[in-house]
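Reviewing the structure listed below.
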Amino acid sequence: MNTAPRLVSVLGSTGSIGVSTLDVIARHPGEFSVYALAANRSVDALLEQCLTFQPRFAVMMDETAAQRLSERLPADCPTEVLQGESGLSAVASAPEVDSVMAAIVGAAGLPSTLAAARAGKTLLLANKESLVMGGHLLMQAVRKSGARLLPIDSEHNAIFQCMPVKQGARPDLAGVSKVLLTASGGPFRTWSFEQMREATPDQACAHPNWSMGRKISVDSASLMNKGLEFIEACWIFDLAPDLVEVVVHPQSIIHSMVQYLDGSVLAQMGNPDMRTPIAYGLGWPERMASGVAPLDLVAAARLDFEAPDEARFPCLRLAREAVAAGGTAMAVCNAANEVAVDAFLAENLRFTAIPQLIEGVLERVSIVEPDSLAVVEAADDEARAVARDLLGQLTGRTTEVNLA
Ligand code: NAD
Ligand code: MG
């Protein structure tokens, strides 16, 4: 093949998804070239990546970190350092860029993800919080610009693979009767409420099947990750919420399924390694090698399924209620969860108080139509302020939060 390499911006390049993305890219020299790398403040990691991939730009969100990176880049490195939100959005929307990997964690990823969608890029979407928060805006931007949205979250990537796709990567829902969103159940699947009440951040981050960043690991433990993915599925595939069913599948071999009117169920399977959906997104519509070991079904031996337990994991219900409430409720739910997870990781909130805090915020913040980025960001700000206020009522980790 004698075509020019595809130019890729990797936003959140020092994180778990970012590193896996660069691993896949490095396996295909000549097919991809890194246009930009972006991270929050990890100078050492970004410097190392710049030396290896020689991008045109490196963006650091943090100003001091940007300064330090500029000072440490050798003179013969072609990389120019940019800083802050404007830098992120610039490398997400630059005319030369073909694909943007949106892998910043949390609401912080929304403006740059939106910039890539508005610029009509091939958007490889890992940053689920941006869709949960600003789904209406993001999907509208994708439709208007003709951007291609390729889901990287393994479940949505699986659903995408199990659905016929129209031109421009739009999934075709004809004949679909249900989407079965699989959940591993996380590290606390078999724990009692009393055990979860004492759970530490390290226990919550010890996922049985996946190695991921700390925020999404806590979300997986509380099942809020599945709640966010439920919302994500409704937006990406334009699905009525009652068409999405969560099924717990502890082995994480099936990454999700689509059920059709004729009774057929299509499943996408593979080892739990994010390089598979990443390679699918980078190579689409072609398939390419990802470095993931082939699936050995005989070694896996069995696939189990069970219904989620919403009494022990109320986050799933909260996400469903946020979808039903509509408007900025999903942004509020997401923001409250981010504050709760940060507090839990800092050992200022019990694991079992995470859903209580989110519910308390959802009860207190009023919901409006999410018709601009400013409105969505205002809802996010307000929800964070209310969440911090509720947190402030706690005296420390030993106090059980009671928000009722
Ligand atoms: P991570 O914590 O490992 O990495 C986050 C990255 O975002 C880092 O590069 C960090 O520097 C950057 N970042 C953080 N805050 C930033 C800010 N304010 N501005 C700019 N950059 C910032 O997270 P991760 O596990 O790689 O997850 C990234 C996203 O992908 C999340 O939205 C997560 O839900 C989603 N996702 C992850 C996985 C997984 O297996 N890790 C799977 C599916 C979806
Ligand atoms: Mg997922």
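For ligands, and for the atoms within them, numbers begin at 1 and follow the listed sequence.
Residue-level proximity to ligand 1 for A103 is carried by the backbone, the only part with a heavy atom below 4.0 angstrom.
Considering N225, I104, I216 only, the shortest heavy-atom separation from atom 29 (C) of ligand 1 involves I104. Distances from atom 34 (O) of ligand 1 to the heavy atoms of R41, E229, E85, K128 put K128 nearest.
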Under the criterion ring-ring contact (aromatic ring centres under 6.0 Å, His included), I'd like the reasoning laid out for F188 against F351: C-alpha separation, chi angles, the key distance, then a yes or no. CA-CA 11 Å; F188 302 152; F351 182 77; 5.0 Å; yes
Test D44 against R72 for salt bridge (Lys or Arg N to Asp or Glu O under 4.0 Å), laying out the working first. CA-CA 9 Å; D44 291 346; R72 290 179 57 193; 2.7 Å; yes
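With salt bridges taken as basic N to acidic carboxylate O contacts below 4.0 Å, none links E96 and R56.
With hydrogens left out, the protein atom closest to atom 35 (C) of ligand 1 is A126 O, 3.1 Å, a heavy atom. Here the heavy atom of the protein found nearest to atom 42 (C) of ligand 1 is M274 CE, 3.6 Å. The protein atom (non-hydrogen) at minimum distance from atom 17 (C) of ligand 1 is N40 OD1, 3.7 Å.
Each of T352, I358, L357 was evaluated against I354; a single residue qualifies, I358, per the side chain to side chain contact (heavy atoms under 4.5 Å, CB included) test.
The Mg ion (ligand 2) has D153 OD1, E155 OE1, E229 OE2 as its protein N, O or S neighbours under 2.8 Å.
Of all atoms in ligand 1, listed by their number and element, those nearer than 4.0 Å to a heavy atom of S13 are 9 (O).
Using cut-offs of 30° and 60° on the angle between ring planes, the pair F160 and W284 is perpendicular.
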